[in-house]
Amino acid sequence: MRAARAMVNRTAAGHVSIGRLLLVVFSLGLLVAGLTIWLMFLSYRMSVVQNVARADGQHIAQLVYEHLHSVMRKGVSRQEVDELLEHIQRRLPDYSVSVIRGEPVERQFGARPEQAGIEARDPDLHVVLAGGGERVLEADGVLRYLFPMRVVTECLACHSAAQAGEVNGVVDVGVPLARLEEPITRMAYPVMYVVLGVLALFFGLIYLILRSWVSRPIQILAHEVSAMTRAGDYVHHVQVGKVWPQEVKALAVNFSLLMRQVRQSHRKLEDLSLHDPLTGLYNRRHFDQVLAQAVRDAGRGESGGFALLLIDLDGFKPVNDTHGHAAGDALLVAVARALSGAMRESDVAARLGGDEFGVLAFVRQIDELSGLTERIRAAIEASYIRAGAVEVHAACSIGSAWQPTGMAGDPAALLALADAVMYSDKEARRAQRPARDCSESPAGQVEVAG
């Protein structure tokens with residue numbers, strides 16, 4: 001029992017409870033889900049910003065190209081073209097917009113000093129000017145859109161040195177990502193907060209449901225089982241809750257059934273440890289314990305006096321020899337039944353071993369002892385069994401010792417005194433009539449006598 005309690009205590013101290021484990025699991029789940037949503041939001045936000053920036057850059061490049069194409073058809077000068085570009089730049093102060101001349105324009109109109117060597121310094125620009133398609137680049141928080149302006153038939157009227165399909169120039173548009181990111185963030189962050197809030201609410205609700213319907217019942221069951229184990233209380237029944245899961249209910253019910261079996265086994269073991277298996281009377285070990293306690297109580301004046309009676313059957317061995325041990329056992333059972341019927345409820349009777357019995361009679365006065373002794377003797381000698389065609393009767397010798405209240409006593413001394421008186425009684429009975437073996441009497445009876 002102590003080992004079981006120690007194991008329960010070590011288990012409770014060294015392991016996390018299911019409620020805390022559930023809380024940790026849901027907290028980690030919520031954290032992982034929140035981080036996942038946050039990272040997805042960042043990725044989505046960046047993707048949206050890049051797509052918007054690309055579309056914005058493409059749209060501005062198209063507008064610049066269309067404006068240049070429109071004004072060039074009217075035959076405007078280079079200064080007017082520069083003024084147009086400056087106007088576009090003023091309208092888009094956060095953007096960078098420039099037009100880089102291609103090789104066909106430089107052949108016909110010459111290179112611009114501020115653009116000297118720019119192609120050599122910018123490999124991406126070189127690729128687009130060499131006939132490549134549009135390019136989208138991102139660096140330092142700026143999305144750069146390079147749009148090639150190809151020569152069409154209408155351009156040949158002014159650009160006579162060019163050929164159709166060549167790249168006359170490149171519109172270079174720089175789109176600041178931060179400027180586009182701000183409004184998208186203002187719109188997306190509230191959405192993300194709402195999603196995270198709904199997620200937290202969902203996880204919290206699931207946690208509360210599992211805690212109430214799963215974790216709490218298991219904790220209650222574990223607490224009751226631990227309390228019963230520590231207290232050694234096998235009578236208590238586990239109360240099953242109405243909202244407990246079916247498995248936990250089955251566990252509680254089966255545990256209660258197991259406790260009932262333990263109680264039954266415990267009672268059987270206790271009964272076997274206290275009683276003689278043949279006669280049902282108390283055994284010698286329990287009788288000695290009751291005798292010792294009675295002596296202590298009487299010595300302290302906590303109870304009245306009591307009498308110790310030792311009873312020995314006379315001539316019991318011939319019964320076993322003549323009729324067998326089954327007949328001897330049956331006679332012992334009959335004697336025990338007669339002895340129990342002759343005593344009061346407060347008295348204690350035991351089979352001390354073989355054909356010897358003991359009685360603790362809690363009588364108030366020593367004068368009551370002789371009457372009790374004769375009543376017990378008469379009851380025993382009236383008991384009999386049938387062994388074939390004959391009846392086997394019992395006879396007994398009885399010795400007694402008296403323990404008065406308020407006087408110190410010794411259980412061994414009382415037993416020795418009662419045993420001596422019993423053998424004196426046996427000798428006196430033998431002197432009154434000759435000893436006889438078991439035999440049939442004229443009445444068809446066999447009497448067991450000393």
Side-chain angles (χ1 to χ4, degrees), residues 271 273-276 278-316 331-383 393-432 448-450:
D271 185 71
S273 67
L274 299 179
H275 292 82
D276 173 58
L278 176 63
T279 62
L281 299 178
Y282 287 116
N283 57 23
R284 177 63 181 264
R285 185 174 68 88
H286 182 65
F287 186 79
D288 289 342
Q289 293 174 352
V290 175
L291 174 60
Q293 184 63 44
V295 169
R296 286 194 296 269
D297 292 343
R300 291 192 297 260
E302 297 177 1
S303 65
F306 68 90
L308 169 64
L309 281 70
L310 293 183
I311 304 167
D312 186 72
L313 298 185
D314 298 331
F316 178 73
L331 185 60
L332 290 175
V333 172
V335 169
R337 188 181 303 115
L339 181 60
S340 298
M343 297 188 320
R344 300 166 305 175
E345 293 184 0
S346 59
D347 299 334
V348 177
R351 181 189 177 195
L352 303 183
D355 60 340
E356 188 176 2
F357 298 85
V359 175
L360 283 180
F362 294 93
V363 294
R364 295 184 177 275
Q365 301 294 331
I366 193 173
D367 299 340
E368 303 176 32
L369 182 57
S370 59
L372 175 63
T373 301
E374 294 308 317
R375 186 168 70 250
I376 290 176
R377 189 194 306 275
I380 291 176
E381 295 187 349
S383 61
H393 285 253
C396 66
S397 298
I398 302 177
S400 62
W402 171 254
Q403 170 65 46
T405 183
M407 181 178 294
D410 180 19
L414 284 175
L415 285 170
L417 178 59
D419 190 62
V421 174
M422 179 189 68
Y423 278 101
S424 297
D425 182 57
K426 187 181 293 287
E427 292 299 328
R429 288 169 59 80
R430 285 177 179 174
Q432 290 177 2
V448 181

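Along the sequence shown, residues carry numbers from 1. If you're wondering where the values come from, they're calculated on a predicted model, not measured in any experiment.
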Discussion item. Using the salt bridge (Lys or Arg N to Asp or Glu O under 4.0 Å) criterion, which residues pair with Arg300? Sequence neighbours excluded.
Written reply: Asp297, Glu302
Discussion item. Minimum heavy-atom separation for Ala350 and Leu281, please, with both atom names.
Written reply: CA-CB, 4.0 Å
Worksheet entry | Asp355 side chain near Val335 side chain, heavy-atom distance below 4.5 Å | no
Worksheet item: How many angstroms lie between atom CG of Asp276 and atom CZ of Arg284, to the nearest 0.5 angstrom?
Response: 12.5 Å
Worksheet item: Would you say the side chain of Lys426 lies within less than 4.5 Å of the side chain of Arg429, judging by non-hydrogen atoms?
Response: no
Item to complete: With sequence neighbours left out, write down each residue that passes salt bridge (Lys or Arg N to Asp or Glu O under 4.0 Å) with Glu374, or none if nothing qualifies.
Response: Arg377
Worksheet entry | Results of side chain to side chain contact (heavy atoms under 4.5 Å, CB included) for Val295 - residues two or more places apart only | Leu291, Phe306, Pro411, Leu414
Discussion item. Less than 4.5 Å apart, side chain to side chain, heavy atoms only: is that true for Leu310 and Leu352?
Written reply: yes
Worksheet entry | Smallest separation among heavy atoms of His275 and Asn283, with atom names | N-ND2, 3.7 Å
Worksheet entry | Closest non-hydrogen atom pair, Phe362 against Asp347 | N-OD1, 3.1 Å
Fill in: Pairs meeting criterion side-chain hydrogen bond (donor to acceptor under 3.5 Å, both in side chains) with involvement of residues 396-410, two or more places apart
Asp314-Ser397
Worksheet item: Going from OG on Ser383 to CG on Leu331, what distance comes out if it is rounded to the nearest 0.5 angstrom?
Response: 6.0 Å
Discussion item. Would you say that Asp312 contacts Asp425 through its side chain, given a criterion of any heavy-atom pair below 4.5 Å between the two side chains?
Written reply: no
Item to complete: Decide yes or no for Leu308 and Phe287: does some side-chain heavy atom of the first lie under 4.5 Å from some side-chain heavy atom of the second?
Response: yes
Worksheet item: Taking the side chain as C-beta and beyond, is there a heavy-atom pair between Leu309 and Leu369 under 4.5 Å?
Response: yes
Worksheet entry | By salt bridge (Lys or Arg N to Asp or Glu O under 4.0 Å) - contacts of Arg285 (at least two apart) | none
Worksheet entry | Closest non-hydrogen atom pair, Ala298 against Pro404 | CB-O, 4.1 Å
Practice prompt. Not counting sequence neighbours, list each pair that qualifies as a side-chain hydrogen bond (donor to acceptor under 3.5 Å, both in side chains) and has a residue in residues 412-424.
Written response: none
Item to complete: Determine whether Arg375 and Leu372 make a side-chain contact, defined as any pair of heavy atoms from C-beta on separated by less than 4.5 Å.
Response: yes
Item to complete: Indicate yes or no for a side-chain donor-acceptor contact from Arg344 to the backbone of Ala361 under 3.5 Å, with no hydrogens or angles considered.
Response: no
